[in-house]
**Q** 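One structure is given below, represented as structure tokens, and several questions about it will come after.
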Amino acid sequence: MDAIIVRNLRRVYKSSDGIIKRKVKEVVAVEDVSFEIHQGELFGLLGPNGAGKTTTVKMLTTLLIPSGGSATILDLDVVKDAGKVRPRIGFIFGGERGLYWRLSALDNLRYFASLYYVDTQVARKRIPELIELVGLQGREREKVEGYSRGMRQRLHIARALLHDPQVLFLDEPTMGLDPVGARELRTTVKNLQSANKTILLTTHYMFEADALCQRIAVINKGRIVALDTPERLKENVQDLSVVEVEVYGMPPDQIEKIKTLEWVVEVSLENRDQVQVLQVHTPKGAEAIPMLVENLNGLRLGRIITREPTLEDAYVRLVGGAK
Amino acid sequence: MLHWILWGTDMMERISRNTRIFFEGAFYSYKALFRWLNPATYLASKVLAPLTIMIFFVFIGAYASGSNNASFYVIGNSLIFAASSGIFGVTMSVGGERWTGTLPYLFGCPANRGAMFIGRAFMHILDGMLGVFIGLGWGILLFKLDLSQANPLALLLTILVTTFSTSGLGLLMGCLSLITRNVMLVNNTVYFALLIFSGANIPVEELPAWMQVIANGLPLTRGVACARTIIAGGSLTEIMPLLKEELLIGIILTILGYFLFKVFEIQAKKLGTLDIF
Amino acid sequence: MNQVQKNLRVMLLAFEVEMRQNLTDGFVIFGILIQPLLVALMALWMLKGKGPDYAIFVVVGSGMTGLWTTLLFNGGNSITGERWTGTLEPLVASPASLRMIIFGKVLANVAQSLGSMIGSYLLISTILGYPLTLARPALFAVSLLVTVFALVCFGLILASFFILIPDFARMVNTLEFPIYILCGFLFPIALLPGWTTPISYLLSPYWAAQALHGAAQGTLTTGQILADWGWMLAFSLSYILISGKLYQVILRKARVDATLDIVGN
């Protein structure tokens with residue numbers, strides 16, 4: 001059974017600038033997005049910044065009204081039945097806002113428990129459990145303003161779970177966390193899924209989606225460009241291999257030239273310390289190396305390797321490399 | 001000879017550089033104000049808000065005495081408007097640096113601190129004077145304020161000196177904003193203290209003796225008294241002693257503010273508290 | 001829990017949370033407590049000529065200025081403030097009614113500002129030694145309760161204006177004193193030109209000030225005070241009815257325009 005059904009969802013933002021002559025600009029943030037999430041599934045929405053992930057989540061959490069299309073959560077329409085959707089979902093948005101900094105974690109949770117109509121007796125029992133779950137025990141009476149980023153993020157999770165929602169939306173929950181904090185948070189998310197909650201997770205980290213999600217929708221410029229399991233997404237690029245060349249001072253027009261070569265599928269350029277790493281996706285494998293070197297004449301080259309494609313390469317191919 | 005020429009050009013360069021720092025500071029501190037208030041709203045708060053405050057006090061005064069003594073309150077409150085841009089405007093332009101997190105850059109730059117500091121107050125002095133004119137204008141329009149007896153030059157001088165002295169207080173408060181998070185709170189207290197002590201709404205001689213002492217130590221008190229004398233037909237020589245004292249208070253406050261600014265700069269660099277707020 | 005209990009609990013917690021947050025904010029404490037004390041002190045001196053009996057008039061009147069200022073700045077900001085902290089989204093996405101939350105928050109602010117009236121009472125009676133007696137204490141107490149209710153209802157509408165009218169927050173300074181003037185807090189409106197009187201009649205703080213001054217000084221009959229309560233309750237009722245529709249409109253608009261999480265206007 002599907003917990004979330006999204007059909008042709010669309011969202012346009014209007015912005016106006018200028019003081020006297022107001023020009024109205026329209027920006028399409030989400031265009032024709034459709035997907036289903038099964039009950040109990042951990043579903044990833046993967047895409048670069050500004051791809052439309054947060055906009056999609058906000059429409060599903062009843063905070064934005066779609067410009068077109070429809071979405072249902074547990075068979076309830078997110079616009080028409082917003083009032084019925086709200087008690088059934090929980091959400092966290094990445095970042096540190098959305099908490100009362102001058103109050104303690106305990107007070108924040110107590111307040112939101114009342115806003116979600118959680119029975120007083122139930123809340124009294126559940127709040128300490130949640131504080132324990134997100135590892136804030138011992139600090140729960142301190143003001144949030146003294147918390148680290150990671151602690152605030154975990155408090156957000158506890159807040160989202162207060163009313164034991166069936167569906168959870170986690171919008172970039174690891175944003176801005178240090179590696180250890182991010183790993184702990186991923187463990188928490190994994191545990192939530194084993195508690196049979198339906199989870200929509202957005203992220204721009206491939207490995208995060210790969211490690212956590214059963215299925216991934218890749219979104220780019222407001223549109224879904226691929227939707228499959230991580231394994232199948234990787235298979236898409238299985239016929240290719242990746243040649244990595246360390247180069248120094250690669251001019252942009254040369255990248256464009258390589259892109260046009262008949263045996264090249266995708267090119268990306270990444271800056272690492274002093275060198276740039278040119279990654280060329282090609283079906284030719286190691287055979288491509290001499291041809292590539294020929295096209296890089298005049299440039300100082302470093303190490304050259306060929307490797308199997310990863311999910312990241314699949315992602316790069318989907319959302320476009322050096323564009 | 002050459003030595004003198006070099007010294008001369010160097011001097012000129014320094015003057016022109018500091019003049020630029022001065023006016024840039026003035027310009028940007030004013031622009032910061034407009035970022036919050038769009039021109040129309042600024043005008044409304046500059047023109048309408050003073051009127052409502054003035055009406056309030058004029059009517060309390062009328063109720064209290066049973067007679068119409070509007071001029072007393074019109075003059076007093078017009079000068080209070082100078083204090084309000086002097087205190088709030090200047091504090092915001094100094095304290096604003098703290099909130100925007102640009103303070104470390106300001107303290108890190110080699111610009112002359114004096115030019116930078118006073119420049120910030122300059123536009124607010126003009127703004128404050130404008131406030132006084134608007135206040136008096138409302139007085140003429142609505143409360144039969146009679147300026148025919150007033151020596152315009154003396155009045156202008158009084159307004160200028162008073163606005164300057166209250167801006168001096170603003171600079172001092174602005175420095176406090178570098179160390180306290182709640183500067184607006186301190187500002188409000190000072191502003192209301194001026195309302196009570198300066199003689200704008202309550203004649204100073206009616207206050208208890210200990211309050212009169214405080215009143216005489218504050219800027220604005222003498223300015224208000226001078227303005228009333230001038231409007232009643234008094235001469236410049238008559239008010240000169242008081243006006244000089246008002247100017248002196250302004251100079252002392254500015255110098256105090258400047259040194260406090262320097263002290264905080266050194267303190268902040270030593271303790272590394274620039275970013276803390 | 002039935003719906004009434006749920007709403008009551010939401011309101012009480014919103015009240016508590018707002019109270020706790022205010023008590024850690026010096027600016028709020030100043031606005032709520034100290035500013036009205038200074039106004040009281042000033043008015044006391046200005047109205048000295050009226051004799052010591054007027055001290056109670058000053059206490060009540062300056063207390064009203066405090067109530068209004070708090071309502072305007074803190075109450076009006078109750079929704080916008082949540083937007084600044086980023087908590088408006090979680091509030092809106094919760095099943096609780098935003099109106100109940102705002103009611104609780106405004107109530108907290110108004111209740112705190114009553115503290116200033118008590119403060120100026122103590123200051124003027126004990127420290128400055130003026131005789132302060134309430135002519136009709138029971139009527140005064142009830143008038144105060146009705147006033148609080150009426151002002152909180154007005155605050156509901158005010159808070160939505162901050163969202164609906166982008167320049168409202170910036171114009172708010174301009175609105176502080178006109179109410180002081182039109183509602184007869186510290187001088188009777190009979191001193192004002194006649195054309196302003198109908199405006200005063202439309203403002204519930206005017207009826208509040210009339211009831212409170214009348215009960216404190218004993219200048220009004222019981223019937224007159226009851227009539228003042230009637231006006232306040234009638235206005236409150238209409239505000240509550242209007243606010244129901246108003247909140248639907250602003251929330252719908254915010255979700256269409258994507259302004260729930262935008263800082264500033």
Side-chain angles (χ1 to χ4, degrees), chain A residues 11-16 27 29 54-55 58-67 78-79 82-93 95-104 107-108 110-123 143-145 156 159-160 162-163 169 171, chain C residues 1-28 81-102 104-105 108 166-167 248 251-263 265:
Chain A
R11 173 73 206 195
V12 180
Y13 289 112
K14 288 194 180 101
S15 69
S16 57
V27 181
T54 300
T55 303
K58 286 197 174 167
M59 285 191 280
L60 295 179
T61 50
T62 75
L63 291 170
L64 278 180
I65 292 179
S67 315
V78 294
V79 180
K84 286 182 188 146
V85 170
R86 285 169 183 169
R88 291 174 170 81
I89 61 169
F91 64 90
I92 72 161
F93 297 137
E96 303 177 277
R97 300 174 77 237
L99 293 166
Y100 297 96
W101 286 32
R102 287 206 296 262
L103 300 180
S104 66
D107 287 334
N108 269 284
R110 235 161 40 84
Y111 185 35
F112 278 101
S114 84
L115 298 184
Y116 277 93
Y117 303 144
V118 180
D119 187 80
T120 321
Q121 300 300 324
V122 177
K143 282 189 190 171
V144 172
E145 61 188 4
H156 268 303
R159 180 184 59 74
L162 274 170
H163 52 298
F169 295 89
D171 189 22
Chain C
M1 280 195 292
N2 62 34
Q3 198 55 38
V4 175
Q5 282 174 316
K6 284 176 183 172
N7 275 332
L8 221 55
R9 183 164 156 236
V10 165
M11 198 195 78
L12 279 177
L13 260 114
F15 177 88
E16 185 197 321
V17 160
E18 180 75 2
M19 200 72 126
R20 281 181 185 226
Q21 295 200 93
N22 279 355
L23 289 176
T24 57
D25 187 333
F27 189 50
V28 173
E82 300 282 350
R83 190 154 69 175
W84 287 335
T85 52
T87 41
L88 186 57
E89 285 189 329
L91 290 191
V92 169
S94 80
S97 122
L98 184 65
R99 233 174 7 140
M100 271 295 150
I101 299 171
I102 301 303
K105 287 184 61 160
D167 270 340
Q248 269 177 15
L251 285 176
R252 171 102 200 168
K253 189 171 148 49
R255 286 160 65 212
V256 170
D257 298 346
T259 51
L260 284 174
D261 69 333
I262 285 177
V263 177
N265 284 291

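In what follows, chains are A, B, ... by sequence order, proteins preceding strands, each numbered from 1. As a basis for the values below, the full set of heavy atoms in this structure was taken, side chains included, without hydrogen atoms, waters or symmetry mates.
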**Q** Could you tell me which of C/A93, C/P90, C/A14 has the largest number of non-hydrogen atom pairs under 4.5 Å with chain A?
**A** C/A93
**Q** Tell me, side chain or backbone of C/E82 under 4.5 Å from chain A's heavy atoms, or both, or neither?
**A** side chain
**Q** Establish, from distance only, whether the side-chain atoms of C/R9 and A/S114 form a donor-acceptor pair under 3.5 Å.
**A** no
**Q** Pair C/E89, A/K58 - check salt bridge (Lys or Arg N to Asp or Glu O under 4.0 Å), show working.
**A** CA-CA 9 Å; C/E89 285 189 329; A/K58 286 197 174 167; 2.8 Å; yes
**Q** I'd like to verify something: which residue of C/P95, C/A96, C/A254 has the highest number of heavy-atom pairs under 4.5 Å with chain A?
**A** C/P95
**Q** Between A/T62 and C/R255, which heavy-atom pair has the shortest distance, and what is it?
**A** O-NE, 2.9 Å
**Q** Measure the CE-OG1 distance between A/M59 and A/T54 for me, rounded to the nearest 0.5 Å.
**A** 11.0 Å
**Q** Which atoms of A/R159 come close to chain C, meaning under 4.5 Å heavy atom to heavy atom: side chain ones, backbone ones, both, or neither?
**A** side chain
**Q** Looking at A/L60 and A/I89, what are the two nearest heavy atoms and their distance?
**A** O-CD1, 4.2 Å
**Q** Kindly say whether C/Q21 contributes a backbone atom to a donor-acceptor pair with the side chain of A/R102 at under 3.5 angstrom?
**A** yes
**Q** Has A/R97 got a side-chain atom pairing as donor or acceptor with C/W84's backbone, closer than 3.5 angstrom?
**A** yes
**Q** Chain A: which of C/L251, C/V17, C/V10 shares the most heavy-atom pairs with it under 4.5 Å?
**A** C/V17
**Q** Is A/K143 in contact with chain C via its backbone, its side chain, both, or neither, using a 4.5 Å heavy-atom distance?
**A** side chain
**Q** Who among A/Y117, A/F91, A/Y13 has the most heavy-atom pairs with chain C under 4.5 Å?
**A** A/Y117
**Q** What part of A/L63 gets closer than 4.5 Å to chain C, counting heavy atoms only: side chain, backbone, both or neither?
**A** both
**Q** Tell me the closest heavy-atom pair linking A/R86 and A/H163, and the distance in Å.
**A** O-NE2, 4.3 Å
**Q** Could you tell me which portion of A/A160 (side chain, backbone, both or neither) has an atom closer than 4.5 angstrom to a non-hydrogen atom of chain C?
**A** neither
**Q** Output the option from A/L99, A/I65, A/T120 having the highest count of non-hydrogen pairs under 4.5 Å with chain C.
**A** A/I65
**Q** Top residue by heavy-atom pair count (under 4.5 Å) with chain C, among A/T61, A/D107, A/N108?
**A** A/D107
